[in-house]
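What follows is a single structure, written as structure tokens, with notes after it.
Throughout, numbering of the chain's residues begins at 1 and tracks the sequence. As a basis for the values below, the full set of heavy atoms in this structure was taken, side chains included, without hydrogen atoms, waters or symmetry mates.
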Amino acid sequence: MPVLVSFTLPSESFAFAAAVDRDPELRVTLDRVVPIEDTPLPFFWVEPTRPGFDVAAREDPAIASIERLESVGDRRLYRADWTDDRCLLATIIESHAALLDARLEDGSWRFRLRFDGPGATAPFQRRCRERDIPIDVTRVVSVAEDGVPLDGDDYGLTAVQRETLATAHDAGYFKRPRDATLSDLSARLGVSEQAVSRRIGRGLDGLVGATIASE
């Protein structure tokens, strides 16, 4: 039975820590493509588009080179060559895991991987320890228990956005009048009200884009 593993790690332990320091609102999403070259997962999206990101990215020790490919609204697509073939991305590929989601949001990286079975997760975690990659595993669950289809369809939501919207719904935040406030959700989720509001807005935008707007 396939297994889903969710984990986080600080931006300084992977990439774009300096860019986050300059712009805490920065979001980076790795493009889920099958690697056909020596460089794993070279493409990523950045939003919002703010001055200074390109400079900060070129100074990032995790990046050997970077090229801006395209701008779409308030998003930019980049291609990067990573400096270390023993980095997290290479470790994921070596462990034969499927990348379902990888995002830098609110200053931390959040990853969700799918493994062929429970026995495949231990070698991945061992490689991370050997390479001093400080992942913090937050969830290990079978695909059946998680309820996410095997094709990775997340309805345009990250795991964090899914959790936030579900919590808001359960608390009655979307009712009129509301049964819960942003302050209530902030206390439940352990993040600031601004972060909750941002997650709800981005989550609803992604949900609508992946469902109603895509019909």
Could you tell me whether a side-chain N or O of Thr181 sits under 3.5 Å from a main-chain N or O of Ser183, the two making a donor and an acceptor?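 Side chain of Thr181 to backbone of Ser183, a donor-acceptor pair under 3.5 Å: yes, one is there.
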With a 4.5 Å heavy-atom cut-off, do [X] and [Y] have their side chains touching?
X	Y	value
Leu165	Ile200	yes
Val191	Thr164	no
Leu182	Tyr173	yes
Leu88	Trp109	no
Leu104	Phe14	no
Arg202	Gln161	yes
Val28	Tyr78	no
Asp136	Phe7	no

Pair Asp170, Thr167 - check side chain to side chain donor-acceptor pair (under 3.5 Å), show working. CA-CA 5 Å; Asp170 292 342; Thr167 300; 5.9 Å; no
Which class fits the ring pair Phe44 and Phe53: parallel under 30°, tilted 30 to 60°, perpendicular over 60°?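 Phe44 and Phe53: perpendicular rings.
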Roughly how far, to the nearest 0.5 Å, is the [atom2] atom of [Y] from the [atom1] atom of [X]?
X	Y	atom1	atom2	value
Arg127	Ile92	CZ	CD1	11.5 Å
Leu189	Arg199	CG	CZ	6.5 Å
Arg75	Glu70	CZ	CD	10.0 Å
Leu89	Leu99	CG	CG	8.0 Å
Leu77	Glu47	CG	CD	12.0 Å
Leu113	His96	CG	NE2	13.5 Å

Phe16 and Val55: same hydrophobic cluster, using ILVMFWY side-chain contacts below 4.5 Å?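 Cluster IDs for Phe16 and Val55 differ.
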What's the shortest heavy-atom distance between [X] and [Y], and which atoms?
X	Y	answer
Arg79	Leu69	CB-CD1, 3.9 Å
Ala57	Ile63	O-CB, 3.8 Å
Ser13	Pro134	OG-CG, 3.3 Å
Ala15	Ala62	CB-CB, 4.1 Å

When you look at Val140 and Leu4, which way does the side chain to side chain contact (heavy atoms under 4.5 Å, CB included) test go after all the steps? CA-CA 6 Å; Val140 179; Leu4 303 179; over 6 Å; no
Going by atom types alone, do Ser6 and Arg110 pair a side-chain donor with an acceptor below 3.5 Å?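 Not at all, the side chains of Ser6 and Arg110 share no donor-acceptor pair under 3.5 Å.
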Begin with the C-alpha distance, continue with both residues' side-chain angles, and end with the deciding distance and a verdict on side chain to side chain contact (heavy atoms under 4.5 Å, CB included) for Cys128 and Thr91. CA-CA 7 Å; Cys128 288; Thr91 303; 4.2 Å; yes
Should Phe111 and Leu30 be marked as a side chain to side chain contact (heavy atoms under 4.5 Å, CB included) after you check the CA-CA gap, both sets of side-chain angles, and the distance that decides it? CA-CA 10 Å; Phe111 285 80; Leu30 298 186; 4.2 Å; yes
So that I can tick it off, tell me whether Glu67 and Arg58 are bridged by a salt bridge, with the cut-off set at under 4.0 angstrom between side-chain N and carboxylate O.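 Salt bridge absent between Arg58 and Glu67.
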Tabulate below the donor-acceptor pairs under 3.5 Å that side-chain atoms of residues 116-126 make, not counting sequence neighbours, or state none.
residue	atom	partner	partner atom	Å
Thr121	OG1	Pro118	O	2.9

